[in-house]
2 protein chains.
Amino acid sequence: MPGATPTDILPDLSLADAVTIEDVRAAASRLEGVSKRTPVLTSRALSEIIGAEVFLKCENLQRVGAFKFRGAYNALSLLDDKARRAGVLAFSSGNHAQGVACAAAALGVAATIVMPSNAPLVKRRATESYLARAPEGSTLVEYDPQTEVREEIGARLAHERGLTIIPPYDHPGVIAGQATAALELHEEIPGLDSLWAPCGGGGLLSGSAIVTRGLRPECRVIGVEPEAGDDATMSFRTGRLHEVSNPGTIADGARTPRLGRYTFPMVRRNVDEMMSVSDAELARWVMFCLERLRIVVEPTGVLGLAGLGRRASAGGVGSRVGVILTGGNLDLAMIPRVEALAAGRQT
Amino acid sequence: MPGATPTDILPDLSLADAVTIEDVRAAASRLEGVSKRTPVLTSRALSEIIGAEVFLKCENLQRVGAFKFRGAYNALSLLDDKARRAGVLAFSSGNHAQGVACAAAALGVAATIVMPSNAPLVKRRATESYLARAPEGSTLVEYDPQTEVREEIGARLAHERGLTIIPPYDHPGVIAGQATAALELHEEIPGLDSLWAPCGGGGLLSGSAIVTRGLRPECRVIGVEPEAGDDATMSFRTGRLHEVSNPGTIADGARTPRLGRYTFPMVRRNVDEMMSVSDAELARWVMFCLERLRIVVEPTGVLGLAGLGRRASAGGVGSRVGVILTGGNLDLAMIPRVEALAAGRQT
């Protein structure tokens with residue numbers, strides 16, 4: 001495992017306040033009746049394993065199957081009329097693509113989605129179905145990830161067509177929208193002692209930490225990422241941005257190379273702790289969700305739960321614990337592989 | 001497909017009032033804080049397919065993964081002290097076994113569960129884990145379904161040990177407990193035009209119909225069973241009890257041979273319509289739940305949804321539609337088979 005490598009970049013702490021709890025509340029108003037108020041599930045079996053009352057905020061049951069819809073919709077809502085008329089662009093093979101396409105359809109904004117030719121068919125089809133409801137001009141642009149760089153294609157198309165790029169996490173409107181998941185959790189379950197969230201680019205984690213600092217300062221916020229991509233953990237600990245290159249992990253939603261210009265200072269200031277977990281741990285919690293909780297959660301989606309599971313044996317997680325399950329777009333054909341990984345039959 | 005064969009048995013309508021809405025309310029009080037108030041999920045994709053607002057009462061997310069817990073717990077709560085001290089017995093390879101074992105552990109009643117030697121390992125293990133928390137004397141008794149009849153083993157053991165048999169459906173306390181699922185749905189979602197529920201032995205369906213008649217008489221109640229075991233549909237239509245023998249269907253929770261002494265008159269009096277669906281339809285809805293709703297529902301659990309799906313194309317289901325998803329104990333190893341069946345690659 002190569003691990004994360006350091007850069008010379010320090011967090012720009014002047015950006016740590018670019019999102020406030022008032023921004024999150026405003027996002028929640030925009031999302032009212034549009035995003036789902038996802039259920040908070042509990043399980044006696046889980047609470048016994050953890051040794052605390054565990055509350056699972058089920059964003060896998062959100063529209064498009066992930067919290068990403070919240071951020072995309074909020075960011076699109078904040079565009080001015082001219083930008084809305086011109087349309088938006090996103091590059092993603094995953095849940096962000098679906099989130100932007102679905103939000104674009106809901107708001108009547110044309111969307112261009114740049115997607116690798118090897119994206120999972122199920123995600124491509126879902127994205128296409130949302131684009132079909134978005135205004136004329138909405139389109140899916142395929143590229144070959146072996147020979148082309150999506151950022152370049154995206155930037156060129158956006159420039160040529162006057163489109164606004166909606167980034168997957170490093171954007172105040174996206175962060176504020178994503179944070180509404182944590183806002184709903186704190187509103188529904190007061191008195192949490194700790195809150196566990198996945199960390200890819202750090203959008204959800206940053207936003208969740210801002211909400212928690214505002215509503216329940218004594219609640220610890222812990223970000224969890226895959227071991228193979230522990231850049232955020234290293235960045236958090238050292239105060240110097242670390243990067244990884246295309247980390248090999250089943251948590252495909254957390255293969256981001258680094259924290260962003262906004263999310264690095266936000267995570268550094270507001271998060272209490274960062275940790276990483278193995279793919280085998282992720283696989284075991286995906287299976288636990290399927291078999292015991294009867295819900296479909298993708299590997300990235302159980303990062304927070306896996307972090308909690310690892311830490312619980314050492315104690316000190318508190319007596320009321322919140323976890324954000326972030327996405328449910330699991331390729332069902334992967335289940336045998338996940339099961340084998342969980343059972344230690346494969347690495 | 002052999003289909004159901006008629007008997008000479010007519011419904012004893014004096015038993016149709018053996019469960020009242022007051023009994024269901026009393027059961028709800030007993031279950032308060034014990035069973036889960038399961039979430040009611042919605043999906044825009046589903047509502048568009050059906051052409052109505054669809055509300056899914058997710059009993060697959062109930063304790064033990066099925067509504068059966070509600071009935072078992074209520075029935076055990078109604079036992080007198082002597083019967084509680086002596087213990088209970090249930091025979092089942094499925095969710096009822098888990099429901100009784102879990103309720104017995106919760107109430108401190110010893111339970112004997114009679115289970116076939118070919119029961120799915122996951123259900124056996126779950127049952128054992130509940131029995132391990134029940135009082136001393138709780139035990140799992142295995143029998144060979146090729147050579148032994150579970151009713152005989154159960155009756156003998158119950159007689160020898162003074163145990164009270166807790167039947168899976170044909171029991172007023174079980175029916176009233178199961179009906180609390182429908183009570184919660186009507187309370188949370190007022191104004192339903194139709195309610196769709198699976199029918200195996202008819203316990204949940206009977207209870208749901210009684211609740212609906214009491215709270216929302218204009219709401220139609222439709223029971224759905226697998227085509228291979230259409231005994232209840234035939235019994236309902238002809239007024240004469242029909243039976244099937246071990247029907248071949250993937251809906252293993254609805255392989256019951258006939259309606260019961262209580263459930264036949266209750267279904268006949270209070271249900272508006274009965275229908276049956278094919279295994280391929282069940283398979284398609286199991287896949288829809290996994291892929292689009294991100295929840296795990298077993299084939300029996302989607303019977304109501306499959307009935308609604310078939311009927312919706314003809315219209316007339318109303319604008320606000322309730323569906324009870326009854327169980328989530330899907331053997332994940334079955335997913336490829338379910339997928340093939342859904343795609344018509346297998347019959």
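A note on names: the letters A, B, ... follow the listed sequences, proteins ahead of strands, and every chain is numbered from 1. Given the structure is predicted, the values throughout are model-derived calculations rather than measurements.
Proximity to chain B is limited to the side chain of A:L41, based on heavy atoms less than 4.5 angstrom apart. Both the backbone and the side chain of B:I295 come within less than 4.5 Å of a heavy atom of chain A.
Here the straight-line distance linking atom CD1 of A:I49 with atom CZ of A:F288 works out to 4.0 Å at 0.5 Å rounding. Remark: B:L56 CG to B:L46 CG distance equals 5.5 Å, nearest 0.5 Å. Going from atom CG of A:L282 over to atom CG of A:L305 covers 9.5 Å, rounded to the nearest 0.5 Å.
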> When you look at A:L290 and B:L332, which way does the side-chain contact (heavy atoms from CB on, under 4.5 Å) test go after all the steps?
Replying inline: CA-CA 8 Å; A:L290 283 168; B:L332 299 176; 3.8 Å; yes
>> Does B:V286 form a side-chain contact (heavy atoms from CB on, under 4.5 Å) with B:I250? I'd like the steps, not just the answer.
In response: CA-CA 11 Å; B:V286 168; B:I250 54 167; 5.7 Å; no
>> side-chain contact (heavy atoms from CB on, under 4.5 Å), that's the test. Do B:L192 and B:V321 meet it? Break it down for me.
In response: CA-CA 6 Å; B:L192 290 180; B:V321 176; 5.8 Å; no
Which atom pairs, one donor and one acceptor, sit under 3.5 Å between chain B and chain A?
{"unit_1": "B:K36", "atom_1": "NZ", "unit_2": "A:T42", "atom_2": "O", "d": "2.7"}
{"unit_1": "B:T42", "atom_1": "O", "unit_2": "A:K36", "atom_2": "NZ", "d": "2.6"}
{"unit_1": "B:E48", "atom_1": "OE1", "unit_2": "A:R133", "atom_2": "NH1", "d": "3.0"}
{"unit_1": "B:E48", "atom_1": "OE1", "unit_2": "A:R133", "atom_2": "NH2", "d": "3.1"}
{"unit_1": "B:E48", "atom_1": "OE2", "unit_2": "A:R133", "atom_2": "NH1", "d": "3.0"}
{"unit_1": "B:V64", "atom_1": "O", "unit_2": "A:R294", "atom_2": "NH2", "d": "3.4"}
{"unit_1": "B:R133", "atom_1": "NH1", "unit_2": "A:E48", "atom_2": "OE1", "d": "2.8"}
{"unit_1": "B:R133", "atom_1": "NH1", "unit_2": "A:E48", "atom_2": "OE2", "d": "3.0"}
{"unit_1": "B:R133", "atom_1": "NH2", "unit_2": "A:E48", "atom_2": "OE1", "d": "3.0"}
{"unit_1": "B:R294", "atom_1": "O", "unit_2": "A:V296", "atom_2": "N", "d": "3.0"}
{"unit_1": "B:R294", "atom_1": "NE", "unit_2": "A:N329", "atom_2": "OD1", "d": "3.3"}
{"unit_1": "B:R294", "atom_1": "NH2", "unit_2": "A:V64", "atom_2": "O", "d": "3.4"}
{"unit_1": "B:R294", "atom_1": "NH2", "unit_2": "A:N329", "atom_2": "OD1", "d": "2.6"}
{"unit_1": "B:V296", "atom_1": "N", "unit_2": "A:R294", "atom_2": "O", "d": "3.0"}
{"unit_1": "B:N329", "atom_1": "OD1", "unit_2": "A:R294", "atom_2": "NE", "d": "3.2"}
{"unit_1": "B:N329", "atom_1": "OD1", "unit_2": "A:R294", "atom_2": "NH2", "d": "2.5"}

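If you tally non-hydrogen atom pairs under 4.5 Å between each of A:L293, A:I335, A:V64 and chain B, the highest count goes to A:V64.
Side-chain contact between B:L183 and B:L185 is absent, with no heavy-atom pair separated by less than 4.5 Å.
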